[in-house]
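Below, chain A is the first sequence line, B the second, and so on; all start at residue 1.
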Number of protein chains: 2
Amino acid sequence: MKEIFTPAGSVAPSPAGSVAPSPAGSVAGSRYPAPAPLAAAIGPQGSQSPHGSHGPRASHGKQGRQGSPGSPKPPLTPTTDAPPAPAALAAKVRTLAPSMTRSMQRVAEAVAADPAGCAALTVTGLAELTGTSEATVVRTARLLGYPGYRDLRLALAGLAAQQQSGRAPSVTADIAVDDPIADVVAKLAYDEQQTLADTAANLDTVQLGAAVAALATARRIDIYGVGASGLVAQDLGQKLLRIGLLAHAHSDPHLAVTNAVQLRSGDVAIAITHSGSTGDVIEPLRAAFDHGATTVAITGRPDGPVSQYADHILTTSTARESELRPAAMSSRTSQLLVVDCLFTGVTQRTYETAAPALAASYEALAHRHAPRTR
Amino acid sequence: MKEIFTPAGSVAPSPAGSVAPSPAGSVAGSRYPAPAPLAAAIGPQGSQSPHGSHGPRASHGKQGRQGSPGSPKPPLTPTTDAPPAPAALAAKVRTLAPSMTRSMQRVAEAVAADPAGCAALTVTGLAELTGTSEATVVRTARLLGYPGYRDLRLALAGLAAQQQSGRAPSVTADIAVDDPIADVVAKLAYDEQQTLADTAANLDTVQLGAAVAALATARRIDIYGVGASGLVAQDLGQKLLRIGLLAHAHSDPHLAVTNAVQLRSGDVAIAITHSGSTGDVIEPLRAAFDHGATTVAITGRPDGPVSQYADHILTTSTARESELRPAAMSSRTSQLLVVDCLFTGVTQRTYETAAPALAASYEALAHRHAPRTR
DNA sequence: GAAGGGCCGAAAATATCTTTCAAGTGTGAC
DNA sequence: GTCACACTTGAAAGATATTTTCGGCCCTTC
């Protein structure tokens, strides 16, 4: 049942077809036959939205009324320019201000000054705030080119979201001791995103491809890592085991070395070390290297000692660190991305055997979860 | 419900009086004190939700025992749906999807697939499009954390505007078996970045703060996790140990339970499980809960069984998954971010002791690195 | 100073959203 | 296999919000 959502993205393009099996879907369209050209032009998102299907942005059935030529009502609505106000709302307010009455100006002013705040208000609320009436608010919305206040409000919400997202990257500062917890979350997330981007940008895909090729055909795989990198090593080991490869992550340096000397050509050894100079990891890699195994280093210091014994070097990124943000944090993020790339690449290469293995391991775990609660 | 706007209205200082006097000229809105009060007014709207509809359902098994001592937060509802989602709506849909009914899933799917299009629809229109009823649409909006459909629609409009504004996450295609390795790297990195953003956006900072407070003063900390989550548990354990806390990550369920019964008030137990229903993790948490320890759950299913025994629930994000991108991958990324936040928060709180401890552990490792080659 | 035109807001009318309630549906117990 | 139960669902009633109507007031013009 959950799989409904996995393909959601792909199914999306045809909402009417996939989502609404019932013929009722057409009702909306039939009820509001032909939105006046004005409405079509006004639709805030209407122009870009690829979903022409539910075009019936059924705001009001009487839209057609406005289209009637020679409407008795004087030029309340300047049908001349009615483009949706995307972000140029403030400019539009200024442009149209002269043609506005006093009350309308008050409304327009409030809207331009605080889109986000106004978006949270109902027509009554905005009327009270500006000391005017609902009717005036609606008139202002019309003047600004929207069918009604409802649509203006929607546009306002969009504008507010844009504005807010614009000043999002203001949290790039370092984490301070007295940062509120919300800032900590934002900064950590931002930093890790940055680390990921850096890593992806700097990762040598040729080296990666070579490492993947070696892993895919390896008879046996040993992975070395200690400390924080040890967990990454175990993560990789777990993953490779799941797709049927004979992988083992060593955290004990002595055992790692004694196992490394068993390796030979056709085997693969992977060392994970951020500093590139962790003796406990280099030693087993060297042993493996000397015995003819293909060796891979995942390190943040490609110029470090570990590279001497590595056939393929995968570079992880080094983010700025601080007292409240130890290097282990970003290096781990970076290493895990590399590990994921390795795993995915190998899975691709060995899809015939990996897919069933993955399915089997998933199956095997199912019974360990208590029955769903819903 | 009308009282929502009363604050806004009353806060606005004598609307007619202050706003009216100057009829002419500049549209400058500096005069309006509106922004702050208005923005503030949005908050209550969400949390205050007049109808305690969620309340009865999720009566978690906490017998009156509230959070840890010194927890600064008032007795708020234990449910996590406090904030009106910003832009992480797709993630929220994924997280909550399993707990939805079929009809609600259809609605959620439509919303996630085409925010812009749905924002243009009334509740009736969306109901017809998805072949459901208005009631279902409203229920879905509630489940997603909004007071009603109206607010969901507003958020949708904002989301649509953001997407269109540029940073459109267009290339969200799934990883295919025949993707070149460079694409794999790019897609994985992008997905993980997305996961981080989602997690950060949906993380309940109140719960997080409470968990941090509990950890900072804990006499002893036990962490439970198996499988992929086991590595995350160990990561957290390692980190906390480094700043001088008595933390231990258990991967053996039996030992975990036998240790859990040793815990008592003032201790903290943390369970990490993506599914929220991993028996091997729930059992020790329950034992700890029953013995009076403060319990924390880090899970992707806040409505899962594990939450019954959790004083504080930290929700991780659920990214879309596929054959080449197992759930374990994104859940791990998300969990690690939460863990990092916990760690950093605790470090802040215990800076006096944590800083020297960190320095000492760094020092202790120095000699294990071979001399740099640079 | 009076007449006319247009702005404005109160309230009615309409649309939209929310809640209630009873029927339908699947599930598990016996 | 049948029954009872709980849950889901949509239709319709009820509440709110938006739009329209209409008449009073102010300002301009002669």
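- Residue-to-nucleotide proximity on DNA chain D shows that, of Ser133(B) and Glu134(A), the 5′-proximal contact is made by Ser133(B).
- Nearest to the side chain of Thr122(A), among dG10(D), dA10(C), dA17(D), sits dA17(D).
- One atom, CE of Met104(B), and another, C1' of dT9(D), lie 11 Å apart when rounded to the nearest Å.
- Nucleotide dT18(D) holds its P atom 16 Å from the OH atom of Tyr146(A), rounded to whole Å.
- Here the side chains of Val111(B) and Leu126(B) are in contact, with some heavy-atom distance below 4.5 Å.
- Among dT21(D), dT20(C), dC17(C), the nucleotide with an atom closest to any side-chain atom of Arg139(B) is dT20(C).
- One finds no side-chain N or O of Thr124(B) lying less than 4.0 angstrom from the OP1 or OP2 phosphate oxygen of dT16(C).
- Distance, Arg150(A) CZ to dT14(C) P: 16 Å, rounded to whole Å.
- Distance CG (Leu152(A)) to C1' (dT19(D)): 14 Å, rounded to an integer number of Å.
- Between the side chain of Arg102(B) and the base of dG26(C) there is no donor-acceptor pair of N/O atoms closer than 3.5 Å.
- Of the candidate nucleotides dC22(D), dT19(D), dT18(C), dT19(D) has the atom lying nearest to any side-chain atom of Tyr149(A).
- Taking side-chain N and O atoms only, Arg153(A) has a distance below 4.0 Å to OP1 or OP2 of dT18(D).
- Side chain of Thr136(B), nearest nucleotide from dG10(D), dC22(D), dT19(D): dG10(D).
- Residue Glu128(A) contributes atom CD, which lies 14 Å from atom C1' of dT16(D) at whole-angstrom precision.
- Across the protein-nucleic acid pair, Leu143(A) atom CG and dC7(C) atom P stand 11 Å apart, rounded to whole Å.
- In this structure a side-chain-to-backbone donor-acceptor pair under 3.5 Å is present from Arg142(B) to Pro147(B).
- If you check dC7(C), dT19(C), dC17(C) against the side chain of Thr101(A), the one that comes closest is dC7(C).
- Between Thr295(B) and His312(B) the shortest side-chain heavy-atom distance does not fall below 4.5 Å.
- Between dT20(D), dA11(D), dG9(C), one nucleotide has an atom nearer to the side chain of Arg106(A) than all others, and that is dG9(C).
- Residues that satisfy the salt bridge (charged side-chain N to carboxylate O under 4.0 Å, His left out) test with Arg150(B), not counting sequence neighbours, are absent from this structure.
- Listed candidates were dT16(C), dT9(D), dT19(C). Nearest to the side chain of Ser103(B) is dT9(D).
- When the side-chain hydrogen bond (donor to acceptor under 3.5 Å, both in side chains) test is applied to Thr140(A), no partner is found at least two apart in sequence or on another chain.
- Between dT19(C) and Arg142(B), a contact under 4.0 Å exists linking OP1 or OP2 to a side-chain N or O.
- Atom C1' of nucleotide dA17(D) and atom CG of Leu126(A) are separated by 13 Å, given to the nearest angstrom.
- Between the side chains of Ser103(A) and Thr101(A), no donor N or O sits under 3.5 Å from an acceptor N or O.
- Side-chain proximity of Ala135(A) to the nucleotides dT18(C), dT20(C), dA10(C) is greatest for dA10(C).
- The nearest whole Å value for the distance from the CG atom in Asp151(B) to the P atom in dC17(C) is 11 Å.
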